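Have a look at the structure below before the remarks.
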Amino acid sequence: MKSLKAKFKKNESQDWSRSDERLLQAVEQNEPEKVAALIIKKGLCPTKLDAEGKSAFHLGVSLGRLDCLEVIIAHGADLTVTDGVGLSALHLAAKNSQSECLKRLLQVKCINKSCKRMKDSVIFSNII
């Protein structure tokens, strides 16, 4: 497992731009159309971490921005990426009581990984 220091070193090579900041703000203000436009027109990566270790993807999940999350999922973001402290989007959704985002992330992960056993579990059926 990579150390936190190694993760930050990797991300230091990716300069945080003004456009990345706009993407973060669009998610914070729950503007899915703007999120889509920035991802498409500027070619931004919504999972790119800033100096504090947060991304537009993780912020959206933490704040329950389901419409923004849908846009990010539709544009093929890696949903397994962790934030600067090692928390996944699933962790953040659960930690911040964002049940709709948690439900959506579980649905996408199950579709992508065909996890039939998980779908049959009591916990999954209570969430979905």
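Computed from a prediction, not measured in an experiment: that's the story for all the values here. For the single chain, residues carry numbers from 1 onward in sequence order.
Once rounded to the nearest 0.5 Å, the distance linking CD of Q25 with CZ of R18 reads 8.5 Å. Once rounded to the nearest 0.5 Å, the distance linking CG of N96 with CG of L63 reads 7.5 Å. Here the CG-OG distance, from L24 to S19, works out to 12.5 Å after rounding to the nearest 0.5 Å. From C101, atom SG reaches atom CG of L106 across 11.0 Å, with rounding to the nearest 0.5 Å. Atom CG of L105 sits about 5.0 Å away from atom CG of L69, to the nearest 0.5 Å.
Not a single donor-acceptor pair under 3.5 Å links the side chain of D20 to the backbone N or O of W16. No donor-acceptor distance shorter than 3.5 angstrom exists from the side chain of K103 to the backbone of Q98, with no hydrogens or angles considered. Between the side chain of H58 and the backbone N or O of V81 there is at least one donor-acceptor pair closer than 3.5 Å. Of the possible donor and acceptor atoms, none in the side chain of R65 sits under 3.5 Å from a partner among the backbone N and O of L59.
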Please output the side-chain donor-acceptor pairs of residues 33-44 that fall under 3.5 Å, not counting sequence neighbours, one pair per line with the distance.
none

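For the pair E31/D67, no side-chain contact is recorded, criterion being any heavy-atom separation below 4.5 Å from C-beta on. Put simply, the side chain of L49 does not reach to within 4.5 Å of the side chain of K54, judged on heavy atoms. Looking only at side-chain heavy atoms (C-beta outward), L79 and V108 come within less than 4.5 Å of each other.
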F57/D83 under side-chain contact (heavy atoms from CB on, under 4.5 Å): CA gap, chis, key distance, verdict: CA-CA 9 Å; F57 169 57; D83 69 3; over 6 Å; no
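For E21, there are no salt bridge (Lys or Arg N to Asp or Glu O under 4.0 Å) partners, not counting sequence neighbours. For E70, the salt bridge (Lys or Arg N to Asp or Glu O under 4.0 Å) partners at least two apart in sequence or on another chain are R104.
Summarising the geometry of A26 relative to C68, their closest heavy-atom pair is O-SG, 4.3 Å, with the distance given to 0.1 Å. Closest approach of L92 to S62, counting heavy atoms only: CB-OG, 3.7 Å. Nearest heavy-atom pair across A77 and P46 is CB-CG, 4.2 Å.
Shown are V61, T80, L102; of these, the side chain to side chain contact (heavy atoms under 4.5 Å, CB included) with L90 is made only by L102.
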